[in-house]
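Data block below; observations after.
Remember, it's 1-based here, ligands and their atoms both numbered in the order they're listed.
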Amino acid sequence: MVAEEQNPLVRCEVANQVAWITLDSPPVNALSIHLIDDLAEALHSAQPPEVRAVVIRAVPGSTVFSAGHDVRELPVNGRDPLTYNDPLRKVIRQIEAHPCPVVAMVEGSVWGGACEVVFSCDLVVSSSESTFALTPSRLGVPYNMSGILNILKVADMHLVKEMLFTARSVSAAHLGRSGVINSVVPPAELGDVVASMTASIVATSPLVNRILKEELRVLSNAHPLTPEAYERIQALRREAYDSDDYQEGIQAFKEKRPPVFRGS
Ligand code: YXS
């Protein structure tokens, strides 16, 4: 719930059956529990029939779309940092289950879990000046299975491995050429391109869009996974979040210094 006494970190305005949801948590839209609660509330309020399309954006002119998971809220006591009920996981599932097409309108740089939020939207329109970085290996974080699957749904394996293993920023143009981003446009055209796309969505059947979106979600998640395979991946992830590298990654971030990983 958006608490009355707190300034909501997310705004939602509806016009012409399009819900414009703006992340507004300076300085970097870190995906904190508070921001995600407000984003969840905004998504919950933006429903048919008043709404037929949703846009998630940052404040116009932002240099950072979102810095990803709030590092200050990552556990450092041997607990899995990205479990089913982690706020980031919850809001990504909410975007995937939303009955309307959700468009990510990206300006500024996108980091870590915020890349997955963007990639989990149904369509992505990005400023040509934007960059995207997947940073688990720079923080020592064992990204979770659903998150990795969501990234693999939109990007080829070599691109995913490049982004994960290097933690380097990749340009919107590169992701556009790779089919990860639907449209890469000059910053000045971003608003018009998104408005045109959402107007086309609004003009189609909301019933068919809702059904097709859920059909695509179910089909894209249809992966047979044996209990043994699940347990093996969980054991690997535990090896990471129980490691000194995990502690070092988060401590280095907090101390604003490069991490020194020792692989244990
Ligand atoms: O020092 P103050 O108090 O002013 O705070 C600084 C930063 O510490 C803070 N901040 C964050 N706080 C929590 N969580 C974050 N993710 C985060 N990012 C930044 O914001 C204040 C301004 O940051 P500063 O001075 O660095 O601003 P800048 O404009 O020079 O640089 C902006 C960024 C976003 C390029 C830079 O802050 C940055 O590289 N942030 C970390 C991006 C990142 O690695 N995100 C991944 C988070 S972890 C996550 O999403 C997943 C769990 S995973 O790791 O698996 O991908």
With a 4.0 Å cut-off on N to O distance, would you call [X] and [Y] a salt bridge?
| X | Y | answer |
| --- | --- | --- |
| Arg11 | Glu13 | yes |
| Arg257 | Glu248 | yes |
| Arg262 | Asp245 | no |
| Arg93 | Glu96 | no |
| Glu116 | Arg89 | yes |

Amino acids contacting ligand 1, non-hydrogen cut-off under 4.0 Å:
Pro27, Val28, Ala30, Ala67, Gly68, His69, Asp70, Val71, Arg72, Trp111, Gly112, Gly113, Thr135, Pro136, Arg138, Leu139, Val141, Tyr143, Phe253, Lys256
Hey, what do you get for NE2 (His69) to CG (Leu31), rounding to the nearest 0.5 Å?
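One gets 8.0 Å once the value is rounded to the nearest 0.5 Å.
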